[in-house]
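Everything below concerns the one structure shown next.
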Amino acid sequence: MGRIGDMITMLREGSYLELTIMLCSTLFVVFCCMPMHELAHAYAAYKCGDDTAKLKGRISLNPFAHLDFLGTIMIFCFGIGYAKPVPVNPARLKHPRRDMALISLAGPASNLVMGFVWMCICFAIDSLQSSNEGIIAISTFFWYAASVNVTLAVFNLLPVPPLDGSKIYSAILPDKIYFKIMKYDRYIMIGFILLLFTGVLDGVIYFITNIMLSFISIIPRAIFG
């Protein structure tokens, strides 16, 4: 089941270095990349006219301003999770429907950008063709960091309330359909959590993640390959 299964496999096979690298890269994502995701939401809201998040100190890289306990645990166990939602007051937005979509898109977009940067560093290190274990460990660290960032982007773009994807698609769907869906958002979310924890969604999420990882690898592979 997600990363739990990967970690158990690594323990059984004695791959302690790989397990340590995975845990360290996940810590890096939790304390550096997830705050950037939430900062992106808050900054986008501020630029769209709503300073609610700014006044609450959410335009910050301080991880403790953003992290949610359960969402953080999920990152370590499943490779996907969430932080505290950034407060947004639609009444203060210049174009509420469009701006909510842009604010929601800012978070996953930041994860894709970070995934691309870490992937570039990974390929740059690999181009050294070093057999040194320390160099290989650093390369693996950045690969895991890129992978978790892309997984977070894919997860958050799913059209399920209250994930970012549901707010992005709300700008596309007709009001009649959108409000009909929102009537059942609580039940949709409960069903989604059940599918997530039972591993039913793992295949779909990892399939899309692998496609995105291949896509963001095109440029670094062309440069450093």
Side-chain angles (χ1 to χ4, degrees), residues 1-40 61-64 66-67 71-83 106-158 164 196 199 201-225:
M1 184 189 294
R3 294 215 152 196
I4 293 178
D6 292 340
M7 289 188 283
I8 292 173
T9 299
M10 289 176 191
L11 283 171
R12 286 176 177 170
E13 295 177 351
S15 303
Y16 303 120
L17 177 59
E18 188 176 359
L19 176 60
T20 301
I21 294 169
M22 175 187 280
L23 291 174
C24 288
S25 62
T26 303
L27 281 169
F28 176 69
V29 168
V30 166
F31 288 101
C32 297
C33 301
M34 286 183 70
M36 180 64 75
H37 175 107
E38 299 305 321
L39 183 155
L61 283 175
N62 176 7
F64 299 104
H66 305 290
L67 297 183
T72 301
I73 295 298
M74 285 177 63
I75 288 284
F76 283 94
C77 293
F78 306 105
I80 49 180
Y82 57 89
S110 72
N111 287 122
L112 291 175
V113 170
M114 286 185 284
F116 173 74
V117 172
W118 309 143
M119 190 64 77
C120 285
I121 295 174
C122 176
F123 272 86
I125 294 171
D126 286 346
S127 69
L128 300 175
Q129 297 182 342
S130 172
S131 59
N132 182 281
E133 285 191 2
I135 299 296
I136 295 172
I138 294 171
S139 171
T140 305
F141 170 89
F142 281 108
W143 188 90
Y144 275 125
S147 177
V148 175
N149 264 288
V150 173
T151 303
L152 283 172
V154 171
F155 174 69
N156 277 286
L157 287 171
L158 294 175
D164 296 327
L196 187 63
L201 287 178
D202 285 0
V204 175
I205 292 173
Y206 291 139
F207 175 73
I208 299 172
T209 297
N210 286 332
I211 291 175
M212 293 303 299
L213 282 170
S214 297
F215 179 74
I216 67 171
S217 299
I218 293 174
I219 294 177
R221 182 177 287 112
I223 295 173
F224 302 106

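Expressed to the nearest 0.5 Å, how far CG of Asn210 lies from CE of Met212 amounts to 11.5 Å. With rounding to the nearest 0.5 angstrom, the CG atom of Leu128 is 9.5 Å from the CZ atom of Phe224. Rounding to the nearest 0.5 Å gives a distance of 8.5 Å between CG of Asn149 and CD1 of Ile216. Considering CD1 of Ile223 and SG of Cys120, their distance stands at 6.0 Å, rounded to 0.5 Å. The structure places CD1 of Ile205 at 8.0 Å from OG1 of Thr151, a figure rounded to the nearest 0.5 Å. We find the CE-CG distance between Met119 and Leu213 to be 4.5 Å, quoted to the nearest 0.5 Å.
When every heavy atom of Trp118 is checked against every heavy atom of Cys33, the shortest pair comes out as NE1-SG, 3.6 Å. Across every non-hydrogen atom of Ala83 and Met34, the tightest pair is N-CE, 3.7 Å. For His37 against Asn156, the heavy-atom pair with the smallest separation is CE1-ND2, 3.9 Å. Taking each heavy atom of Pro35 and Val29 in turn, the nearest pair found is CD-O, 4.2 Å. The nearest pair of heavy atoms linking Asn132 to Gly134 is OD1-N, 2.7 Å. Contact detail for Ala145 and Ser25: the closest heavy-atom pair is N-CB, 3.9 Å.
Using modelled atom types, no side-chain atom of Ser147 and backbone atom of Tyr144 make a donor-acceptor pair closer than 3.5 Å. Distance alone, capped at 3.5 Å, places no donor-acceptor pair between the Ser139 side chain and the Ile135 backbone.
By the 4.5 Å heavy-atom criterion applied to side chains, Val154 and Tyr206 are not counted as neighbours. In this structure, the side chains of Phe76 and Leu27 come closer than 4.5 Å at one or more pairs of heavy atoms. Here the side chains of Leu67 and Phe31 are in contact, with some heavy-atom distance below 4.5 Å. Inter-residue side-chain proximity for Ile138 and Ile121 is flagged as unmet; no heavy-atom pair is nearer than 4.5 Å. Within the 4.5 Å cutoff, the side chain of Trp143 has no heavy atoms near those of the Phe123 side chain.
In the displayed structure, Ile219 atom CD1 is contacted under 6.0 Å by at most 12 heavy atoms of other residues, nucleotides or ligands. When the shell of 6.0 Å around CE of Met10 is examined, it contains more than 12 heavy atoms from other residues, nucleotides or ligands.
With sequence neighbours excluded, the residues satisfying side-chain hydrogen bond (donor to acceptor under 3.5 Å, both in side chains) with Thr26 are Arg3.
For the side-chain contact (heavy atoms from CB on, under 4.5 Å) test with Asn111, the passing option among Val150, Leu157, Leu152 is Leu152; the others fail.
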